[in-house]
Peer 1: 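A single structure is presented below for examination.
The sequence lines fix the lettering, A, B, ..., with proteins before strands; numbering per chain opens at 1.
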Number of protein chains: 2
Amino acid sequence: MELWFTEKSNDSVGLTLLIKEHLYHKESKYQTIDVLESAYYGKVLVIDKVVMLTERDEFIYHELLTHVPLQYMENPLSALIIGGGDGGTAREVLKYRSVNRVVLVEIDEEVIETSKKFFPTLSFSFDDKRLEVVIEDGAKFVKETDEKFDLIIVDSTDPVGPGEVLFSSEFYKDCSSILKDSGVLTAQTESPFDLVYRPVIQNIYKNLKTGFKTVRMYLGSIPTYPFGLWSFAFASNRMDPLKEELKNPFIPDGLKYYNRELGRCVFNLPNFVKEIIDET
Amino acid sequence: MELWFTEKSNDSVGLTLLIKEHLYHKESKYQTIDVLESAYYGKVLVIDKVVMLTERDEFIYHELLTHVPLQYMENPLSALIIGGGDGGTAREVLKYRSVNRVVLVEIDEEVIETSKKFFPTLSFSFDDKRLEVVIEDGAKFVKETDEKFDLIIVDSTDPVGPGEVLFSSEFYKDCSSILKDSGVLTAQTESPFDLVYRPVIQNIYKNLKTGFKTVRMYLGSIPTYPFGLWSFAFASNRMDPLKEELKNPFIPDGLKYYNRELGRCVFNLPNFVKEIIDET
């Protein structure tokens, strides 16, 4: 019997995947968590019916969220990850020898447990002694901590449900106040292809600008995310990635997507995407 | 009643579109031609069950195939389009004031007729007096013509069936011999995401290298093509797009994807794509 899982990008477009087995289903305190074994993409993590990652293409998302900012920093020492309970973002950040402290604040412990059980190629990062896991609301953590970070990565779900607060102006201001002067925040900011999302994205970038002096968008091609095109924000109070040179003398071996030539080019946006953020 | 059209990118992954109406079906001498009215992407041209274009996202493919090479040319006068029966590639080339002659060689007259009937935003280019349409096998035309062109664009279907010959070494050599010294050939070269296609793409690039001194790959995000990521070849005997500056003083107004900053950046490939062509 052939089973297909279809995630609708909107009411009338979907990505459909042949599924070998539905490995896991859980209703956590915050959301539904499913793990599918797909025929092509390997295991798939699905939260609230939306694909969060697949084993085959997760490298693109995780490399873009981390190496793009880290290559602009000469000697990054510390990072705060908001969300990122699958461990993929932490895995990439921990590849930097200079990084001696990573704090990962995940609201839903069940995401971490699921990753530990089903996604060892991501969750092995939880064994790294430089990583501290805090089970808490990321917005609350950012408001209350006294620590300052070189890098903050918002690796969240979509701006609905538990993830919504992580796209607010107040949250970004709090992030800005716990970033070191030369620090950078990156965040996933949805697909810029669908016009329906245009006001959502514009709102995110408006909110980011209330917290940070410079806010830039960058892009990547991610086959299992809606429309195969995904956007990220790069926000800083001192650094403009379009003007600065890449500064990090170290680059991890074995990256599958990111390289230094690409690292600057991801900020060059197609006209239809430029229009979205030029209006904010 | 809800109708969905699903194009499988491979055996176990598909893109599925809600369809309002199946507008047209034709078995031509060479292939099946269908036109669907989709709920999201507007009208869709389907050849041999594969999506060729949709009204909503065709601009990405057509702009990349044309403006990337044309912006490297100071004063392009002539272009040869092999395939391209929908008219979209011709529309973009004809935006250049310097271009005074475009020859479009389409093997299947029915594609042109279908476009004229259902895709006026592409096929209006057939009314331009600078465009000459030749209904013939593109490989034969290239072998026999005495004319030389500044630009050759291979806007073909996939390398199976009638399109196969347009990816052969012999065809590329013939193209090279009818290019002006400073001329450029561009071609669509499939999706680099699926490893199954790796040998197919490697074969295309090997064949290109038998005809041209410099062969580069460039990329674009196209939501309705497999894996949302598509590759193009830029081949020339005198010009390396990674070393040359953009030379065209003219750029058309109103482009939705291409801009000059992006025009150079599209050649910077993710590592997993670089690997494919580094092996050729």
Peer 1: Is the gap between the ring centers of B:Tyr96 and B:His67 under 6.0 Å?
Peer 2: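 Centroid separation for B:Tyr96 and B:His67: below 6.0 Å.
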Peer 1: Under 6.0 Å between ring centres: does that hold for A:Tyr61 and A:Tyr257?
Peer 2: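 Centroid separation for A:Tyr61 and A:Tyr257: 6.0 Å or greater.
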Peer 1: What part of A:Tyr40 is in contact with chain B, defined as an atom under 4.5 angstrom from a non-hydrogen atom: side chain, backbone, both or neither?
Peer 2: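 The answer is both parts of A:Tyr40.
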Peer 1: Using non-hydrogen atoms only, which part of B:Ile19 is less than 4.5 Å away from chain A: side chain, backbone, both, or neither?
Peer 2: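 No part of B:Ile19 comes within 4.5 Å of chain A.
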Peer 1: How about A:Trp230 and A:Gln188: does a side-chain donor come under 3.5 Å of a side-chain acceptor?
Peer 2: yes
Peer 1: Given that the side chain runs from C-beta out, which part of A:Leu195 has a heavy atom under 4.5 Å from chain B: side chain, backbone, both or neither?
Peer 2: both
Peer 1: Please examine the side chains of A:Glu58 and A:Thr224, heavy atoms only from C-beta on, and report whether any two atoms are closer than 4.5 Å.
Peer 2: no
Peer 1: Output all residues satisfying side chain to side chain contact (heavy atoms under 4.5 Å, CB included) with B:Gln202, sequence neighbours left out; order by chain, then residue number.
Peer 2: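 With sequence neighbours excluded, B:Gln202 shows a side chain to side chain contact (heavy atoms under 4.5 Å, CB included) to B:Arg198, B:Ile276, B:Glu279, B:Thr280, given in chain and number order.
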Peer 1: Can you say whether A:Tyr41 sits under 4.5 Å from chain B via the side chain, the backbone, both, or neither, judging by heavy atoms?
Peer 2: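 The side chain, not the backbone.
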Peer 1: Is it the backbone or the side chain of A:Phe59 that comes under 4.5 Å from a heavy atom of chain B, or both, or neither?
Peer 2: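 Side chain only.
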Peer 1: Roughly how far apart are B:Leu262 CG and B:Gln71 CD, rounded to 0.5 Å?
Peer 2: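 B:Leu262 CG to B:Gln71 CD: 11.5 Å, rounded to 0.5 Å.
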Peer 1: Side chain, backbone, both or neither: which part of A:Ser38 has a non-hydrogen atom closer than 4.5 Å to chain B?
Peer 2: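 Contact with chain B is absent: no heavy atom of A:Ser38 under 4.5 Å.
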Peer 1: Among the options A:Ser12, A:Pro226, A:Ser191, pick out the one with the most heavy-atom pairs lying under 4.5 Å from chain B.
Peer 2: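 Of the candidates given, the most pairs with chain B belong to A:Ser12.
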